[in-house]
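Worksheet: the structure to be examined is printed underneath.
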Amino acid sequence: MNDIFIGRLIENELRRQQRSVVWLSQQLECNRTNVYKIFERRSIDAELLLKISRALDHNFFEHYTTRL
């Protein structure tokens, strides 16, 4: 049912914006290892997705809501 690979979408947006993993880790107040783990996720906690959406100024929730 859910074929959204949210981690890959986040990674692609980060690269599109030409931002680094270190930058995102600072925005999320975590270490860069955790950011790499986020890239591997197929699902994600809503609160974390909100933080990432704000940091990258990109509505990642849209990928889900368009399927409703």
Side-chain angles (χ1 to χ4, degrees):
M1 179 177 153
N2 185 4
D3 58 349
I4 296 172
F5 194 144
I6 193 64
R8 190 168 293 148
L9 293 173
I10 293 166
E11 182 179 17
N12 289 344
E13 181 62 23
L14 183 71
R15 304 283 181 230
R16 189 190 70 73
Q17 292 185 19
Q18 298 180 336
R19 298 195 183 265
S20 69
V21 170
V22 172
W23 177 86
L24 185 57
S25 70
Q26 291 170 344
Q27 301 303 304
L28 301 178
E29 298 176 343
C30 68
N31 62 48
R32 61 189 175 107
T33 303
N34 289 343
V35 173
Y36 286 113
K37 289 178 182 178
I38 290 169
F39 295 161
E40 297 172 6
R41 293 184 182 182
R42 290 192 175 272
S43 64
I44 193 166
D45 176 78
E47 191 67 31
L48 179 55
L49 189 59
L50 179 59
K51 288 180 184 179
I52 294 168
S53 292
R54 286 181 177 159
L56 292 173
D57 193 30
H58 179 88
N59 182 6
F60 289 100
F61 292 96
E62 184 176 81
H63 298 282
Y64 295 99
T65 58
T66 56
R67 294 171 172 252
L68 295 176

Work out which heavy atom in [X] is nearest to a heavy atom in [Y]; give both atom names and the distance.
{"X": "F39", "Y": "F5", "result": "O-CE2, 3.4 Å"}
{"X": "R16", "Y": "E13", "result": "NH2-OE2, 2.7 Å"}
{"X": "R42", "Y": "Y64", "result": "O-OH, 4.2 Å"}
{"X": "R19", "Y": "R15", "result": "O-NH1, 4.3 Å"}

Straight-line distance of R8 CZ to I10 CD1, nearest 0.5 Å: 12.0 Å

So how far is it from S43 OG to I4 CD1, rounded to the nearest 0.5 Å? 11.0 Å

If two hydrophobic side chains count as joined below 4.5 Å and joins carry through other members, does V22 share a cluster with L28? no

For I38 and L48, what are the C-alpha separation, side-chain angles and deciding distance, and is it a side-chain contact (heavy atoms from CB on, under 4.5 Å)? CA-CA 10 Å; I38 290 169; L48 179 55; 4.0 Å; yes

Report, one line per pair, each donor and acceptor closer than 3.5 Å where one atom sits in a side chain of residues 52-61; sequence neighbours left out.
| from | atom 1 | to | atom 2 | distance (Å) |
| --- | --- | --- | --- | --- |
| S53 | OG | L49 | O | 2.9 |
| S53 | OG | H58 | O | 3.2 |
| S53 | OG | F60 | N | 3.3 |
| N59 | OD1 | F61 | N | 3.0 |
| N59 | OD1 | E62 | N | 3.4 |

Would the number of heavy atoms belonging to other residues, nucleotides or ligands and lying under 6.0 Å from CZ of R41 be above 12? yes

Any Lys/Arg nitrogen of D45 or K51 sitting under 4.0 Å from an Asp/Glu carboxylate oxygen of the other? no

Could you walk me through whether N34 and S25 pass side-chain contact (heavy atoms from CB on, under 4.5 Å), step by step? CA-CA 8 Å; N34 289 343; S25 70; over 6 Å; no

Side chains of L9 and I6: does their closest heavy-atom pair fall under 4.5 Å? yes

